[in-house]
Amino acid sequence: MPDANELLRIQHEVTSERDPARRLAAIERAYVEDLAFLDSEATVVGRQAFSDRVQTFFDDARADFVVEEDGPAYVGPDTAAQPWRFGPPGNPVIRGMDVLTMRGGRVTVVRGLVASWLTKSIE
């Protein structure tokens, strides 16, 4: 059963993967079927819906944008969080944090938070 750090590693793999089939395969390894994803613009339920939501971030961004870890991970018994940045390598235009809720070695909820001071455009 994956621990919190492994689930965060898989979360990074999922949110960094531009190929939908590879992303969905990673999701199926570590997330419950009725996974809930919440961010400031949408709430979706299900693995495919989560993958589709991640795809919208890539569809709306330039091809050179990448997701990079942006600091240490935070872990607890049923919750884990990883700060991230998104933009050209080393030059982020968005910073945020993914907060995972976990049960039985699988992710049940992902909350995507974006820094409130965000002012740069991603286009």
Side-chain angles (χ1 to χ4, degrees):
M1 178 167 42
D3 66 8
N5 286 308
E6 177 64 9
L7 292 173
L8 284 171
R9 189 199 62 73
I10 295 169
Q11 172 69 11
H12 180 73
E13 178 183 345
V14 165
T15 57
S16 300
E17 181 56 64
R18 288 183 178 266
D19 179 85
R22 288 196 304 236
R23 182 174 50 248
L24 189 56
I27 290 169
E28 289 172 351
R29 286 195 327 262
Y31 300 74
V32 297
E33 286 187 39
D34 61 346
L35 161 74
F37 174 78
L38 304 86
D39 69 11
S40 62
E41 296 181 9
T43 298
V44 299
V45 176
R47 292 172 176 165
Q48 184 65 58
F50 175 47
S51 181
D52 293 346
R53 182 73 184 128
V54 172
Q55 186 63 46
T56 65
F57 302 131
F58 290 121
D59 291 346
D60 293 342
R62 296 187 341 217
D64 65 334
F65 279 27
V66 297
V67 177
E68 299 173 307
E69 293 179 355
D70 196 28
Y74 301 87
V75 297
D78 64 355
T79 308
Q82 178 66 60
W84 51 261
R85 59 186 178 237
F86 186 60
N91 190 22
V93 297
I94 297 175
R95 282 192 153 93
M97 180 178 291
D98 287 338
V99 180
L100 312 181
T101 302
M102 306 163 298
R103 183 181 64 244
R106 296 179 79 72
V107 178
T108 59
V109 178
V110 177
R111 288 177 177 83
L113 308 176
V114 175
S116 63
W117 50 263
L118 175 66
T119 59
K120 293 183 180 180
S121 170
I122 64 170
E123 296 180 24

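Note that the structure is predicted; figures quoted are calculated from it, not measured.
- Here the CD1 atom belonging to Ile27 is positioned 8.5 Å from the CD atom belonging to Gln11, to the nearest 0.5 angstrom.
- Side chain of Glu68 to main chain of Gly90: a donor-acceptor pair is present (N/O by atom type, distance under 3.5 Å, no hydrogens or angles).
- Distance CG/Asn91 to CZ/Phe65: 8.5 Å, rounded to 0.5 Å.
- Of all heavy-atom pairs spanning Pro20 and Ser51, the tightest one is O-OG, 4.1 Å.
- A distance of 11.5 Å separates CD of Gln55 from CG of Leu24, quoted to the nearest 0.5 Å.
- The CE atom of Met102 lies 8.5 Å from the OG1 atom of Thr108; values are rounded to the nearest 0.5 Å.
- Taking the centre of each ring, Phe86 and Phe57 stay at or above the 6.0 Å mark.
- A salt bridge does not link Glu6 to Arg29: none of the charged nitrogens lies less than 4.0 Å from a carboxylate oxygen.
- Within 6.0 Å of the CZ atom in Arg111, the count of heavy atoms belonging to other residues, nucleotides or ligands does not exceed 12.
- Going from atom CD of Glu69 over to atom CD of Gln82 covers 4.0 Å, rounded to the nearest 0.5 Å.
- Considering CG of Asp39 and OG1 of Thr56, their distance stands at 7.5 Å, rounded to 0.5 Å.
- Arg23 contributes a side-chain N or O that, together with a main-chain N or O of Glu17, makes up a donor-acceptor pair within less than 3.5 Å.
- Heavy-atom minimum distance, Val75 versus Ala80: CG1-CB, 4.0 Å.
- Residue Glu33 qualifies as open at atom CD: its count of foreign heavy atoms under 6.0 Å is 12 or below.
- Cluster partners of Leu38, using a side-chain heavy-atom cutoff of under 4.5 Å among ILVMFWY residues and allowing indirect links, are Val109.
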